[in-house]
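The structure appears below as structure tokens.
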Protein chains: 2
Amino acid sequence: MPTMTAAERRDEAREAYDAFLAACPSHQLLGRISDKWTALIVTSLADGPRRYGEVARTVASISQKMLTQTLRSLERDGIITRTVTPEVPVRVDYELTETGRELLPVLRAIKDWAETHIEGIMASREAYDRRS
Amino acid sequence: MPTMTAAERRDEAREAYDAFLAACPSHQLLGRISDKWTALIVTSLADGPRRYGEVARTVASISQKMLTQTLRSLERDGIITRTVTPEVPVRVDYELTETGRELLPVLRAIKDWAETHIEGIMASREAYDRRS
DNA sequence: CGGGATCCTGCCCGATACTG
DNA sequence: CAGTATCGGGCAGGATCCCG
């Protein structure tokens, strides 16, 4: 019996595709740079090392939890380094790595595209909403 | 009484910053291009118009709901157009607008960065996980 | 064929409190 | 100062069924 229902075939395709996506660098790292806070934090470190509290003030609206979590995650990915200086009180500095610095032009490209098209997009949204 | 607690001051700062972020084109549109499916769908339309079902097959693992939802949202933003041809059965084509096509180089920049650094990042993750 | 409507679940993230 | 720990609400998003 070669019978395989359509549903089974779809499931199989989906699994295969999920595996493909999981292995796809672009897709993984798109998730990385596009989470809610990564861009803001990386940009905050663009001009050089900064202490935890300085980053917190730059990205004023972030919660302590998400700041620490995102910093850790960026450190894990080798996009920033974390340096602890055992003074009293403790001092912790974060700094972009080379990989992190090479991310800056990408973010700038996004920013450029955004600033070029934001006006048209806002207008498009309004028109769309008025129509429906 | 000029008294304002630290908590109140923080809240005020957060609100102001949230308003700033809400008004920031880069931040808004970063959310736009970086959601789970936008990049895949836009890329799927890079070579020309496609029907709903074709896009669905290209981005095999997406659910019907998210495909429709994302397409609608992209249409609202003026990144793609939606053309209904009342044949039997119905035919619906999606196509990138100029704004949408100008998004392609940005996505390519992300892809290039990703492919250049994926290896180092994977290694960094492993090292980080083994250490802790 | 190309959707809409509904239900339901995980997990993202904010708020809060405590530590070295 | 720079975190960790815990709790809980909200909502993105998957599954399913129905429709013109």
Side-chain angles (χ1 to χ4, degrees), chain A residues 5-8 10-11 13-15 17-18 21 27 31-32 34-38 40-41 44-45 49-76 80-95 132, chain B residues 5-15 17-18 21 31-32 34-41 44-45 49-76 80-95 132:
Chain A
T5 69
E8 284 169 339
R10 251 185 292 114
D11 282 356
R14 206 177 55 73
E15 272 176 53
Y17 196 75
D18 283 351
L21 277 187
H27 193 251
R32 164 72 279 173
S34 73
D35 84 42
K36 202 174 174 186
W37 302 111
T38 295
L40 292 168
I41 292 178
S44 159
L45 294 174
R50 279 201 164 158
R51 300 186 58 172
Y52 180 90
E54 295 180 309
V55 178
R57 255 170 281 116
T58 307
V59 190
S61 71
I62 195 174
S63 69
Q64 234 179 21
K65 177 183 172 180
M66 288 318 296
L67 178 54
T68 299
Q69 188 173 300
T70 308
L71 285 168
R72 282 293 193 285
S73 166
L74 288 170
E75 185 199 2
R76 186 172 105 102
I80 64 176
T81 57
R82 176 172 182 272
T83 312
V84 182
T85 311
E87 306 173 332
V88 202
V90 192
R91 173 194 183 96
V92 182
D93 287 277
Y94 294 92
E95 184 172 12
S132 68
Chain B
T5 68
E8 284 169 339
R9 254 179 279 116
R10 249 185 293 115
D11 280 356
E12 202 167 80
R14 207 178 53 74
E15 271 176 54
Y17 196 75
D18 284 350
L21 276 187
R32 164 71 280 174
S34 72
D35 83 43
K36 202 175 176 187
W37 302 111
T38 295
L40 293 168
I41 292 178
S44 160
L45 295 173
R50 278 202 165 156
R51 298 185 59 171
Y52 180 90
E54 295 180 309
V55 179
R57 255 170 281 116
T58 308
V59 189
S61 71
I62 195 173
S63 67
Q64 241 179 22
K65 175 183 172 181
M66 289 317 296
L67 178 54
T68 299
Q69 188 174 302
T70 308
L71 285 170
R72 281 295 192 285
S73 166
L74 289 169
E75 185 199 1
R76 185 171 107 102
I80 64 176
T81 57
R82 177 172 183 271
T83 311
V84 182
T85 311
E87 304 172 336
V88 202
V90 194
R91 174 196 183 94
V92 182
D93 288 277
Y94 294 92
E95 182 172 13
S132 67

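In what follows, every chain begins at residue 1, and chains take the letters A, B, ... in the order their sequences are listed. All heavy atoms count here, side chains included; hydrogens, waters and symmetry mates do not.
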* Between B:Arg72 and C:dG3, does any side-chain N or O lie under 4.0 Å from OP1 or OP2? -> yes
* In Å and rounded to the nearest 0.5 Å, what is the CG to CD1 distance from A:Asp93 to A:Ile80? -> 11.0 Å
* Asked: Separation of B:Gln69 atom CD from D:dA15 atom P, in whole Å?
  -> 14 Å
* In whole Å, what is the span from the CD1 atom of A:Ile62 to the P atom of C:dC13? -> 10 Å
* Asked: Hey, does the side chain of A:Lys36 come within less than 4.0 Å of C:dC11's phosphate (OP1/OP2), counting only N and O?
  -> no
* **Donor-acceptor contact present, side-chain B:Ser44 to main-chain B:Val55, <3.5 Å** => no
* Structure fact -> Among D:dA15, C:dG20, C:dC13, the one nearest any side-chain atom of A:Lys65 is C:dC13
* To do: For A:Asp35 and for A:Gln64, locate the closest nucleotide of DNA chain C by heavy-atom distance; then report the residue assigned to the nucleotide nearer the 5' terminus.
  => A:Asp35
* Whether B:Ser73 side chain and B:Gln69 backbone form a donor-acceptor pair below 3.5 Å -> no
* Report the distance from atom CZ of A:Arg82 to atom P of D:dT4, rounded to the nearest whole Å. => 7 Å
* For the pair made of CG in A:Leu67 and C1' in D:dA2, what is the distance, rounded to whole Å? -> 10 Å
* What is the distance, rounded to the nearest whole Å, between atom OH of B:Tyr94 and atom P of C:dC1? -> 15 Å
* Atom-to-atom span, CH2 of B:Trp37 to C1' of D:dG14 - whole angstrom -> 10 Å
* Structure fact -> Rounding to 0.5 Å, atoms CH2 (A:Trp37) and OG (A:Ser63) come to a distance of 7.0 Å
* Asked: Could you give the CD1-to-C1' distance, from B:Ile41 to D:dG13, as a whole number of Å?
  -> 13 Å
* Structure fact -> Between A:Arg82 and A:Val84 the two heavy atoms that sit nearest each other are NH1-CG2, 3.6 Å
* Presence of B:Tyr52 side-chain N/O under 4.0 Å of C:dG4 phosphate oxygens OP1/OP2 -> no
* To do: Return the nearest nucleotide to the side chain of A:Met66; candidates are C:dG3, C:dG14, D:dA2.
  => C:dG14
* Within the structure, does a side-chain N or O atom of A:Arg51 lie under 4.0 Å from either OP1 or OP2 of D:dA2? -> yes
* For B:Leu71 and D:dG13, what is the distance between atoms CG and P respectively, to the nearest whole Å? -> 14 Å
